[in-house]
*Asks:* 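Below you will find the structure I want to go over with you.
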Amino acid sequence: MLKLLQNIPIRVKAFAASAVLFICVMGLGLNALYTLDQSANGVNVLSNSALPKQRNISSLSQDIISAHVKIFRYVSWASNGVTPILLKSLASEVLLDFSALEKRINALVERRDMSAGEREFADDLLQKWKIYIKAAKDVIDVGNTDAPMATMMLGGTDDDFQNIAADLQRISSMVSDQTVGVAEELASKAAGNTQILAISGFVGIVFSFAVAMMVGRSIVRPIQSVTKAMTEISFGNFDVDIGYRGRRDEVGQMVNAITTFRENTLRHAGLLKLREQELRTQNLRFEAALDNMSQGLSVYDGSQRLIVCNERYAQLCGLSEDVLTPGITLREVLQLRAKNGTFRWAEPHAPFDIDRALQDTLEMCTKGEPWTRTLNLVDGRIISISFQPMPDNGWVATHEDVTERQQAEARIKHLAHHDALTDLPNRLLLREQLENALASTAQSETLAVVLLDLDHFKDVNDTL
């Protein structure tokens with residue numbers, strides 16, 4: 001065999017060696033180009049679709065919250081006797097915000113890069129937004145003439161806002177999942193292609209070593225240098241000088257392909273790092289939003305284990321955030337609340353039974369239907385709980401302390417039916433009671449009305 005090789009003309013052996021090297025170089029170059037093409041496609045999806053869509057939804061959420069806060073500001077100004085000019089100016093500003101936000105929601109619905117699930121939630125968001133605008137305009141109209149009634153109507157408007165916020169949260173979550181999926185797929189492909197390049201390099205080394213005995217040192221040394229550079233790059237050491245860039249043969253082509261791959265890999269690594277920073281910023285904003293909510297928010301999975309909660313939820317439960325760690329079960333949370341007294345509610349006709357209360361609460365949370373419940377706790381607080389199920393048998397629950405709101409509503413109702421000076425029932429209450437008495441009196445029955453007149457009461461009333 002060796003004699004046969006020795007008898008082969010040098011030109012043939014050189015041609016064979018060159019052919020082997022050319023095949024290796026071309027394989028590596030094509031693989032590198034394919035890798036770069038896949039990486040470029042993934043980065044284009046991130047930069048042209050997922051990231052702009054996520055920024056659009058985040059900006060839309062913030063602007064909707066800002067518009068909702070202006071409604072509360074309008075009612076507060078109306079309750080405190082702000083001049084009609086300022087009220088009219090604020091109302092005009094709110095209406096302009098509503099018009100602009102509706103156009104942005106329509107634009108979101110019409111985006112071509114929306115998935116079927118995202119578009120469904122966006123359509124639902126648009127319908128809920130129209131309902132919210134109608135309720136908010138009613139609050140503004142009523143606030144011009146009856147500030148207390150507008151205050152009472154804010155509850156319904158806030159519920160509509162919560163529905164909008166929930167849809168925005170779902171869309172944002174789906175977009176975030178899409179972004180994470182694209183990034184993970186890009187990283188996975190990059191890792192897989194790196195392995196392929198390493199294998200291709202190893203194969204190239206084997207073939208090159210097989211023909212190295214038939215070629216001169218002018219080919220062996222460049223191959224050794226390129227191999228060393230490829231090994232360093234495959235292990236993440238990009239600061240390596242490959243050399244031989246001035247050559248125009250197959251070795252030069254391989255060097256140029258590896259150099260291009262290294263530069264693109266470094267650029268893509270920078271983009272991934274920037275994306276990680278953006279995701280970290282988004283997470284910080286999300287945590288800040290949770291911690292600044294006036295309602296207590298908790299999310300449980302299908303196994304009744306806590307996924308996330310905010311600081312307000314821990315305060316309402318009377319527990320520390322160190323206790324409410326992800327993974328704790330709902331039963332454990334309720335048992336801890338039963339111990340510290342924040343799970344005991346006032347029942348006028350029956351004693352409090354912890355086991356029955358735990359069982360009732362677990363049944364309500366696992367029946368898979370939305371519900372709202374108001375509890376009067378033994379410490380005097382009134383807590384409103386809103387429950388919204390999720391597709392994975394988990395749920396999102398918000399807890400709000402509505403003690404002051406309900407006390408204010410009770411005071412408003414009392415003032416509407418009693419005299420401000422004497423605190424005695426007024427004509428409105430008398431009229432309502434007479435209407436109720438007449439409605440409940442049969443035709444064969446009679447109704448007596450006794451009139452007690454106080455002499456000179458007008459003088460006393462006018463004086464005081």
Side-chain angles (χ1 to χ4, degrees), residues 68 70-92 94-95 131-161 345-349 372-384 400-464:
H68 187 57
K70 290 181 181 179
I71 296 296
F72 279 82
R73 186 187 305 164
Y74 179 88
V75 175
S76 176
W77 286 9
S79 301
N80 289 279
V82 175
T83 61
I85 295 177
L86 290 177
L87 286 177
K88 184 176 180 181
S89 176
L90 181 58
S92 300
V94 171
L95 294 178
I131 296 173
Y132 170 80
I133 290 179
K134 184 178 182 304
K137 289 181 178 179
D138 292 340
V139 171
I140 293 175
D141 294 337
V142 174
N144 289 326
T145 56
D146 191 351
M149 180 59 69
T151 302
M152 296 175 64
M153 294 171 63
L154 274 177
T157 306
D158 192 62
D159 291 339
D160 294 335
F161 169 75
W345 55 80
E347 294 187 354
H349 303 298
T372 300
R373 184 177 184 182
T374 302
L375 299 179
N376 296 317
L377 302 183
V378 293
D379 59 3
R381 292 183 300 164
I382 303 174
I383 305 298
S384 176
E400 183 177 8
D401 189 342
V402 296
T403 307
E404 294 183 0
R405 183 195 306 170
Q406 294 205 2
Q407 289 176 351
E409 292 175 355
R411 287 196 297 270
I412 292 173
K413 184 177 181 181
H414 181 80
L415 291 173
H417 292 86
H418 292 79
D419 182 71
L421 176 62
T422 64
D423 201 35
L424 295 174
N426 58 16
R427 296 177 183 177
L428 178 60
L429 183 57
L430 172 63
R431 180 182 180 89
E432 290 180 358
Q433 292 186 351
L434 281 175
E435 290 177 351
N436 292 335
L438 289 172
S440 62
T441 302
Q443 293 182 354
S444 60
E445 296 177 344
T446 58
L447 175 67
V449 178
V450 179
L451 171 64
L452 178 63
D453 189 17
L454 299 180
D455 294 337
H456 306 294
F457 178 75
K458 184 177 184 302
D459 296 335
V460 176
N461 192 43
D462 292 342
T463 301
L464 299 180

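Quick caveat: nothing in here was measured; it's all calculated off a predicted structure. Numbers here simply count residues along the sequence, with the first being 1.
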*Asks:* CD1/Ile383 to CG/Asp401 distance, rounded to the nearest 0.5 angstrom?
*Replies:* 4.0 Å
*Asks:* Drop me the distance from Thr374's OG1 to Glu400's CD, to the nearest 0.5 angstrom.
*Replies:* 9.5 Å
*Asks:* Shortest non-hydrogen contact from Thr372 to Ser384?
*Replies:* CG2-OG, 4.1 Å
*Asks:* Atom CZ of Arg381 and atom CD of Glu404: how far apart are they, to the nearest 0.5 Å?
*Replies:* 12.0 Å
*Asks:* Within this structure, what is the CD-CZ distance for the pair Glu435 and Arg431, rounded to the nearest 0.5 Å?
*Replies:* 5.0 Å
*Asks:* Measure the spacing between CZ of Arg405 and CD1 of Ile382 and express it to the nearest 0.5 Å.
*Replies:* 10.5 Å
*Asks:* Looking only at atom types and distance, does a side-chain atom of Thr441 sit under 3.5 Å from a main-chain N or O of Ala437, one as donor and one as acceptor?
*Replies:* yes
*Asks:* Verify the neighbour count for atom CD1 of Ile85: are there more than 12 heavy atoms of other residues, nucleotides or ligands below 6.0 Å?
*Replies:* no
*Asks:* Can you name the residues that form a ring-ring contact (aromatic ring centres under 6.0 Å, His included) with His418, not counting sequence neighbours?
*Replies:* His414
*Asks:* So does Lys413 pair up with Glu409, basic N to acidic O under 4.0 Å?
*Replies:* no
*Asks:* Is there a donor-acceptor pair under 3.5 Å between the side chain of Glu445 and the backbone N or O of Ala442?
*Replies:* yes
*Asks:* Within the side chain of Asn426, is there an N or O that forms a donor-acceptor pair under 3.5 Å with the backbone of Leu429?
*Replies:* yes
